[in-house]
Amino acid sequence: MTLRFTNYLIGIIILIIAGCSQQPETVDELDSKVNDLLAQMTLEEKIGQMNLYNGFWDITGPAPQSGAAADKYQHLENGWVGAMLNIHGTENVRKIQEIAVNESRLGIPVLFGYDIIHGYKTLSPIPLAEAASWDLEAIEQSARIGAIEASAAGINWTFAPMVDISRDARWGRVMEGGGEDPYLGARIAAARVRGFQGEDLSATNTIAACAKHFAGYGFAEAGRDYNTVDIGTVTLYNEVLPPFKAAVDQGVRTLMNSFNILNGIPATGDAFLQKEILKGKWAFNGFVVSDWGSTGEMISHGYAENLAHAAQLAANAGSDMDMESYAYVKHLKNKVDSGLVDLSVIDDAVKRILRVKFELGLFDDPFLYCDPDREKEMVYHQQHQQAVLDMARKSMVLLKNENHLLPLSRGRQRVAVIGALADDNNSPLGSWRISSDDSTAVSLLEGMEPYGAEISYAKGADLITESATFLQNVQINETDKSGFREAIRVARRSDIVVMVLGEHGFQSGEGRSRTQLDLPGVQQELLEAVYEVNKNIVLVLMNGRPLAIPWAAEHIPTILEVWHLGSQSGHAIAQVLFGEYNPSGKLPMSFPRSVGQVPIGYNKYNTGRAIPQDNVFWSTYTDQLIDPLFPFGHGLSYTQFDYSDLSIEVTGSNQYEVKVSVTNSGQIAGEEVTQLYLRDVAASVARPVKELKGFQKYSLAPGESKTVVFQLTEKELGFYDGQGNFMVEPGKFQVMVGTSSVEGLSGEFTL
Ligand code: BGC
């Protein structure tokens with residue numbers, strides 16, 4: 001981190017502390033303010049707080065006279081709108097807020113929500129990439145930057161973090177999450193909530209976070225978005241819920257429910273999830289927002305008879321705010337009048353929503369987030385570019401580096417760069433960046449310029465045939481290979497070939513499930529054609545999900561996974577290629593050998609037939625290995641880390657200290673992520689063969705050693721049974737500590 005950047009961060013921290021200088025309100029004070037306001041509200045006004053509308057007209061134009069937009073405008077004046085989404089920019093936000101505050105009877109300010117998934121304007125890497133850094137401080141910082149820019153532009157609520165665990169790379173939304181593992185996912189969830197919300201929600205540069213999608217969305221059958229989820233409660237409690245619980249423990253102010261049905265009940269109408277677990281057991285006192293239209297979609301699920309019924313089911317199940325279904329605003333009053341929804345349900349929801357508005361400071365100043373000078377200063381702030389560059393460097397994973405093709409030596413090699421993605425300013429921004437501007441990423445070619453290398457570029461083939469948008473499927477080039485000849489010519493006369501292949505930024509994200517996980521279009525053919533003439537290939541993979549690339553893994557000597565790295569993509573990749581930054585990322589999701597292996601994760605259960613037999617009757621495939629191509633936790637460095645001296649000591653009742661010695665035995669400094677995995681060998685509920693229970697990231701100078709120490713307590717040793725009880729059971733535990741989920745030193749102890 002540069003000194004200037006460090007000073008800037010200190011500045012941010014001081015700013016937050018300055019924002020906190022007023023005495024924080026006690027819970028009682030806040031409650032009494034909320035109750036006082038509630039007592040003044042009519043039933044319609046209360047229901048209005050539970051209503052979330054999408055942005056609705058050209059805000060700079062005159063008020064709409066007719067149609068849906070006019071209705072929304074009128075509803076704002078009536079005080080029937082609690083929150084809006086997709087309105088941003090201080091000018092636009094101020095105009096809406098003025099209607100709510102100045103025209104409505106009670107002048108209750110509106111919340112402004114937006115999907116700040118990996119930045120507002122300045123974009124950090126997609127969340128899956130950030131997860132590959134295993135660097136919680138950096139991830140927190142990245143969310144912080146998003147909050148600073150978004151809050152400067154009028155936003156006070158983000159629909160992030162997405163904390164859905166998934167082992168299914170077909171599902172396009174894996175790019176938004178923290179990967180396949182509940183432990184890593186939970187740590188990241190808490191870091192992101194800290195980053196968005198800071199220490200004080202009423203500071204001008206913090207925003208309310210929203211952990212989503214509650215719950216089970218990442219387990220959509222066959223990886224198809226919005227699809228049915230049917231999982232047992234052991235999976236629910238041990239794998240799906242931990243990141244949500246971590247977000248709640250970190251004080252997340254809102255949760256979003258999900259589109260899917262979970263074991264037959266649409267999540268939006270699921271009282272077990274929202275009332276019993278979230279608001280009951282976990283004592284969550286923020287509010288739950290539905291997903292877009294998910295209240296109404298309960299009709300399509302075959303759960304609600306009509307929109308009025310959907311409103312009743314969702315409200316009674318604890319879904320406090322309705323996003324764009326119009327269900328509450330149209331039907332909830334009748335339901336209360338006819339006794340099908342109790343007034344206490346409405347009051348509870350409204351109190352939760354008002355509380356968050358008070359906490360954000362909106363009642364003290366509804367225009368707190370509407371300072372145009374601050375907006376001008378903070379959006380695309382130069383220092384944010386530095387921060388996202390740092391995050392981008394940490395997010396790359398070196399999957400393979402045979403013959404040490406990387407790092408490139410500056411000026412001493414003729415380098416060919418091949419692939420449309422190398423010359424792309426748009427795709428590296430990734431998916432889910434509706435608030436930002438297209439084509440603002442530094443391309444890899446631009447990033448390589450300062451290194452003075454002798455570079456020849458050939459596109460080889462287009463990846464897409466038409467310009468891509470967030471709303472439509474990208475059109476992939478499946479036929480045009482006219483650029484191959486030039487690519488082959490360039491490759492032939494070069495010492496080394498950097499091939500930049502993968503997915504377009506809009507091939508992942510919501511509604512973008514794939515049945516194939518290969519390199520799309522003609523890219524595989526291009527790779528093989530270039531390989532024919534030059535085998536010194538560094539494959540730079542740019543993608544939003546794990547890919548199945550068995551041919552490349554076998555033939556290509558060096559593979560660097562760069563994901564979609566955001567605004568500073570090209571600079572970050574170039575720094576790794578030329579050895580200015582030593583890669584340190586580790587995979588947060590397993591890379592399968594083929595689609596047929598998916599869903600796949602390291603923390604699987606053993607079968608009764610786990611050991612290879614000399615007949616066919618054991619749990620395997622007849623046509624493929626069962627292990628992944630690149631496992632969870634895998635990632636190489638330009639240096640080498642050696643592990644020795646694993647020791648396990650009892651330090652108290654149900655407490656252990658695990659130590660291991662790690663030495664950087666290479667020639668350059670590097671960062672390592674040491675991972676600790678546990679297996680409870682026999683338990684009343686069968687446990688996975690391995691579960692991540694700790695990790696540490698640190699750097700070592702060449703020749704330097706370090707003793708890495710982990711503390712195991714009941715938290716790490718225990719698990720949930722199918723009823724949600726947390727258990728710690730005596731018996732044998734296996735421990736593995738190492739550099740990935742498959743490589744390390746093993747020991748055991750008996751509890
Ligand atoms: C997504 C949510 C998102 C919402 C608002 C929905 O389609 O599932 O994750 O927050 O839209 O944009």
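Both ligands and their constituent atoms are indexed starting at 1 by order of listing. Residue numbers start at 1 and run along the sequence shown.
For the pair M162 and ligand 1, no heavy-atom separation below 4.0 Å is found.
Sparse packing is recorded around CD of Q472, with 12 or fewer heavy atoms of other residues, nucleotides or ligands lying under 6.0 Å away.
With L85, N54, D115 as candidates, the residue nearest to atom 12 (O) of ligand 1 on a non-hydrogen basis is D115. For atom 7 (O) of ligand 1, the nearest non-hydrogen atom from the set E324, E176, E510, R173 belongs to E510.
Protein heavy atom nearest atom 6 (C) of ligand 1, with residue, atom name and distance: D291 OD1, 2.9 Å.
Counting atoms of ligand 1 from 1 in the listed order, those under 4.0 Å from a heavy atom of H213 are 2 (C), 8 (O), 9 (O). Annotation for ligand 1: atoms under 4.0 Å from non-hydrogen atoms of F159 are 10 (O). Each of the following atoms of ligand 1 lies closer than 4.0 Å to a heavy atom of M256: 2 (C), 10 (O). For ligand 1, the atoms lying closer than 4.0 Å to a non-hydrogen atom of K212 are 2 (C), 3 (C), 9 (O), 10 (O). Atom numbering of ligand 1 starts at 1 in the shown order; those under 4.0 Å from a heavy atom of F259 are 6 (C), 7 (O), 8 (O).
A donor-acceptor contact closer than 3.5 angstrom is absent between the side chains of R352 and T254.
Using a 4.0 Å cut-off between charged side-chain N and carboxylate O, E130 and K394 make no salt bridge. No salt bridge links E149 with K121; every basic N to acidic carboxylate O contact stays at or beyond 4.0 Å. Using a 4.0 Å cut-off between charged side-chain N and carboxylate O, R433 and D438 make a salt bridge.
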Just distance, no hydrogens or angles: give the donor-acceptor pairs under 3.5 Å from side chains in residues 179-189, sequence neighbours left out.
unit_1 : atom_1 : unit_2 : atom_2 : d
E180   : OE1    : S590   : N      : 2.8
E180   : OE1    : S590   : OG     : 3.0
E180   : OE2    : S590   : OG     : 3.2
E180   : OE2    : Y602   : N      : 3.0
D181   : OD1    : Y602   : OH     : 2.5
D181   : OD2    : Y183   : N      : 3.0
D181   : OD2    : L184   : N      : 2.8
Y183   : OH     : R187   : NH1    : 2.9
Y183   : OH     : K693   : O      : 3.4

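The side-chain heavy atoms of M589 and R167, taken from C-beta on, include no pair separated by under 4.5 Å.
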